[in-house]
Amino acid sequence: MKHVRKHIQELLLAAVDRCVADGLLAESLDQVPIEPVKRAEHGDFATTVALMLAKKAKMPPRKLAEAIRDRIQDDEGWIDHLEVAGPGFVNIRLARDVWYRGLGRIREAGRDWGLGEPKASPKFLIEFVSANPTGPLHVGHGRGAAVGDALGRILRRAGWQASSEYYLNDAGRQVRQLGQSVWVRALEILRDERPEQDPKGQKFSWLDVPAMPEDGYQADYVRDLARALLNEQGIAVLDMAPGEDLGPVAEMASHKMAEAIRGTLERFGVTFDFWVSERSLRRSGAIDRALDKLQADGLIYEKEGARWFRSSRFGDEKDRVVVRKDGEVTYFAADIAYHMDKYDRGFDQLIDVWGADHHGYVPRVKAVVEALGHSPDSFEPLLVQFVALKRGGEKVAMGKRSGNFVTVDDLMDEVGMAAMRYFFLERRHDSHIDFDLEVALSQDPTVNPAVYVQYGHARACGILRKAREELGLEVPSFDLDLVRHLDLPQEIEAIKQMLELPTLVEESAIARQPHRIVSYLSELSRLFQSYYTQTKSDPVLPPPSQREAGLESWDWDRTNARLTAVAALRDVFAICLDLLGLPAPERMASIETVDLDPSSAEQEE
RNA sequence: GCGCCUGUGGCUCAACGGAUAGAGCAGCGGCCUUCUAAGCCGCGGGUUGCAGGUUCGAUUCCUGCCAGGCGCGCCA
């Protein structure tokens, strides 16, 4: 059986062609637009094709709609009813069997439902997080991680090849700054812990311990890194001096931070296909080669002792320095080499997930892409807006300066990865979000939608488990006659929605919008939960009271039909949860009943 | 000053250029002899920031204002 949508589109296209043959239209279309209809009385699908073509045809839209309607040939009996409505819509109501057959396709596909046709190109490389290894990930990075990871999952399900990558900025000024900070802290620890002895005597005095630089890293993890340094080097740190000597310290510290970041991301359910190190990029000579190439094309010049890239030639507002006066290459120069390398490795569609504060950086990278001879459209920066934390209604103060910025690990400790990912993905990436800790912390599905959607999956599993364990019923293999017993409106609606999954996945992938999956999942969960509660007097499985009274009169066909539908729902829930990187629990852990009344807490004291 | 993003019920946000702009929270009122009430049903609530334009049709596209956020380094 063909895709429902595609089949309807083909019928409509044939009708449009007949209009052409009959001289009503000058030319046909590649594709006829159809969309699911919002209001039930309008049927299942509607096409606006008559509205679009009315002008060209020099006909009133409704007239043209009628002409198209009259030329639809539905030999296989898919369509139940056609009507022209409103300004010129052709509304289409499908025969019930279309949905029943559709359910068969879903069951047949199982966990593969929604997989798109494999697409050979373009090959995507999604770069995300890429936080400097100078400190732990904060909440903003968490959102980027959730978005980048989900986008990769969605693209892959839609049929594309998509790899994920973390670019490690483990070279440059900030990493040196980290090394410096760690070294200073290490000296302070030595001084504070054994002030009575000055181990190097005249060669070194505690008075020589330098002050922490103004823009140094002050937070607590620097102290941990300093301890690690002391464990490795002991008092040899006393012999080090700012400058080249601190290279190994910076390297050690950034390496340790990178490992910590990797650990955080793993906890968060995010693993990368590739980690690319800026340091190794520098050491490999890739930057020189990249600059040479641009130089050969006349796109690099010298001015005031520095070397500049002519990004203004490609729409940037000014040229940018790639080699500083002091001879060091800039971060931008490394990024040129890095993006060139991405193309060289065979990727032809680059998605970079950046914090919104990097938007000013976009034109110069676009310029690089163009200078390298690639389409500017092959580079897509995805700017992720900031996350504001709230507790109840109150904003939680964040800021690196105050030192109390919230890390991904902190937040995971408090609310768990599932809630974080859900709320990071719930909104479009370009909208600011308020993350309410109070909501995220709740285990109550009526309060916390992240729990609610997982509960939908758990509930479907619960029914199937109960059927198996208590009644010995397995999910029956698909049988068209059997599923015709599904006649409740919610049952038909659920099948319709499940049939939309492939379209949804593809649209979500093309639009780079994971939040559409969240909306869909949330809506389908609501439908299922509502169905579940509303059919309590007429449940899928015979209730205990019925079992005692005897099961001779029980409608087993109906039960089996519903088990088929529930199994399909379970799969669709699991697929969507997986696309978002959320766990799909088979049962919900029982909630701890916490007494939130403060007066009773006092009584316990 | 220039550039990017965002303005939609009390709050947080949806809506390939489509029909009467939808959800969730919060508020109010109901529903358990039951596969998890860890749930469901109903009600009220809107000049889609403002003004123009394009279109058969604009929350969506264009222009100008207003408001908020963020950028505008030989930092990364």
Side-chain angles (χ1 to χ4, degrees), chain A residues 33 35 37-39 42 46 48 51-52 54-55 60-62 85-89 91 130-132 134 169 171-175 177 215 278 303-308 317-318 320-326 328-332 334-335 355-363 383 385-386 388 390 393 423 426-428 430-436 439 443-449 451-452 455 458-460 462-467 470-471 503 507 510-511 515-516 518-519 522-523 526 529-546 562 566 587-591:
Chain A
E35 59 191 62
V37 131
K38 286 177 192 160
R39 308 181 70 82
H42 293 148
T48 55
L51 290 163
M52 283 173 51
K55 200 162 199 178
R62 285 191 66 108
F89 296 97
N91 290 336
S130 296
N132 292 347
T134 52
N169 303 122
R173 206 183 67 83
Q174 307 220 3
V175 169
Q177 193 70 261
D215 49 352
E278 182 185 355
K303 192 180 82 179
E304 296 163 4
R307 295 175 73 197
W308 300 69
E317 58 189 18
K318 53 178 278 199
R320 306 290 173 175
V321 170
V322 287
V323 182
R324 298 201 307 237
K325 202 156 36 182
D326 63 11
E328 184 166 3
V329 296
T330 58
Y331 171 86
F332 178 51
D335 227 13
D357 54 336
H358 283 61
H359 68 79
Y361 197 68
V362 171
L383 300 173
Q385 290 292 339
F386 292 132
K390 289 190 170 179
F423 290 111
E426 190 185 19
R427 310 302 184 196
R428 302 166 49 109
D430 52 6
S431 89
H432 305 250
I433 55 179
D434 286 346
F435 189 105
D436 193 329
V439 171
Q443 289 305 301
D444 183 346
T446 60
V447 173
N448 185 343
V451 175
Y452 186 85
Y455 187 42
R459 216 166 213 186
I463 292 172
L464 299 175
R465 182 173 54 242
K466 195 142 191 158
E470 295 182 12
L471 295 157
T503 308
E507 286 179 352
I510 289 171
H515 82 280
R516 293 194 189 191
V518 180
S519 307
S522 147
E523 204 174 315
R526 204 156 29 245
Q529 302 275 31
S530 164
Y531 168 70
Y532 175 93
T533 307
Q534 283 178 18
T535 56
K536 287 223 156 184
S537 56
D538 173 26
V540 176
L541 304 174
S545 56
Q546 180 73 39
R562 287 177 168 185
V566 171
R587 59 177 85 214
M588 300 303 278
S590 53
I591 291 184

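Side chains included, hydrogens not; waters and symmetry mates left out as well; all remaining heavy atoms used. Per chain, numbering begins at 1; letters A, B, ... match sequence-line order.
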### Query
With the sugar-phosphate defined as primed atoms, P, OP1 and OP2, and the base as all remaining atoms, what B/S/- string results for nucleotides 71-76 of chain B, 5' to 3', for protein heavy atoms under 4.0 Å?
SS-BBB
### Query
Which pair of non-hydrogen atoms, one from Arg587(A) and one from Ala458(A), has the smallest distance, and what is that distance?
CA-CB, 3.9 Å
### Task
Look at all strands and tell whether Pro544(A) reaches a base, only sugar-phosphate, or nothing, counting heavy atoms closer than 4.0 Å.
sugar-phosphate
### Pairwise C1' distance for U48(B) and C41(B), with rounding to whole Å
29 Å
### Task
Over all heavy atoms of both residues, which pair between Tyr452(A) and Arg526(A) is shortest? Give the atoms and the distance, please.
OH-CA, 3.2 Å
### Task
Calculate the interatomic distance between Asp430(A) atom CG and C13(B) atom C1'; express it in whole Å.
12 Å
### Task
Just say parallel, tilted or perpendicular for the rings of Tyr331(A) and Tyr361(A), cut-offs at 30° and 60°.
tilted
### Query
Hey, does Tyr532(A) have a side-chain heavy atom less than 4.5 Å from the side chain of Val540(A)?
no
#### Entry: Length of the CD1-P vector between Ile433(A) and U6(B), whole Å
15 Å
### Query
Which pair of non-hydrogen atoms, one from Arg562(A) and one from Tyr531(A), has the smallest distance, and what is that distance?
NE-OH, 3.2 Å
### Task
Output the distance between atom CG (Asp430(A)) and atom CG (Leu383(A)), rounded to the nearest 0.5 Å.
8.5 Å
### Query
How close or far is atom C1' of U12(B) from atom CG of Asp434(A), stated in whole angstroms?
7 Å
## Note on the structure
Distance col, row Arg324(A):CZ vs Thr330(A):OG1, nearest 0.5 angstrom, shows 8.0 Å
### Task
Take atom OH of Tyr452(A) and atom C1' of A38(B), then tell me their distance rounded to the nearest Å.
11 Å
### Task
Using the test ring-ring contact (aromatic ring centres under 6.0 Å, His included), find all partners of Tyr455(A) that sit at least two apart in sequence or belong to another chain.
none
### Query
Who pairs with Arg62(A) by salt bridge (charged side-chain N to carboxylate O under 4.0 Å, His left out), at least two apart in sequence or on another chain?
none
### Query
Looking only at heavy atoms, what is the nearest atom pair of Thr533(A) and Lys536(A), with distance?
O-CG, 3.0 Å
### Sugar-phosphate, base or nothing in reach of Arg428(A), heavy atoms under 4.0 Å
sugar-phosphate
### Query
Between which residue ranges does RNA chain B form stems of three or more consecutive Watson-Crick or G-U wobble pairs, both distances under 3.5 Å?
B:1-7 with B:66-72, B:10-13 with B:22-25, B:27-31 with B:39-43, B:49-53 with B:61-65
#### Entry: Residues forming a side chain to side chain contact (heavy atoms under 4.5 Å, CB included) with Ala460(A), sequence neighbours excluded
Phe528(A), Val566(A), Arg570(A)
### Task
In whole angstrom, give the distance that lies between atom CG of Asp444(A) and atom P of C40(B).
10 Å
### Ser431(A) vs U12(B): side-chain N/O to OP1/OP2 distance below 4.0 Å
no
### Task
Scan Lys536(A) against the nucleic acid and name what it touches under 4.0 Å (heavy atoms): base, sugar-phosphate only, or nothing.
base
### Summary
From OH of Tyr455(A) across to C1' of C40(B) the rounded distance in Å is 11 Å
## Note on the structure
Going 5' to 3' through nucleotides 16-29 of chain B and flagging B where a protein heavy-atom sits under 4.0 Å of the base, S where only the sugar-phosphate is that close, and - otherwise, we get B-BBB--SSS----
### Message
Once you apply a heavy-atom cut-off of 4.0 Å, does Ile510(A) come out as touching a base, just sugar-phosphate, or nothing?
### Response
nothing
### Query
When rounded to the nearest Å, what value does the distance between P atoms of U33(B) and A26(B) take?
26 Å
#### Entry: Separation of atom NE2 in His432(A) from atom C1' in A67(B), rounded to whole Å
13 Å
### Query
What interatomic distance, in whole Å, is found between C1' of A51(B) and the corresponding atom of C70(B)?
27 Å
### Query
Taking the C1' atom of each, how far is G68(B) from C75(B), in whole Å?
27 Å
### Query
Rounded to whole angstrom units, what separation is found between the CD1 atom of Ile463(A) and the P atom of G39(B)?
15 Å
### Task
Determine the Euclidean distance between corresponding P atoms of A67(B) and G73(B); express it in Å to zero decimal places.
25 Å
### Message
Using modelled atom types and a 3.5 Å cut-off, is there a donor and acceptor pairing between side-chain atoms of Asn448(A) and backbone atoms of Gln443(A)?
### Response
no
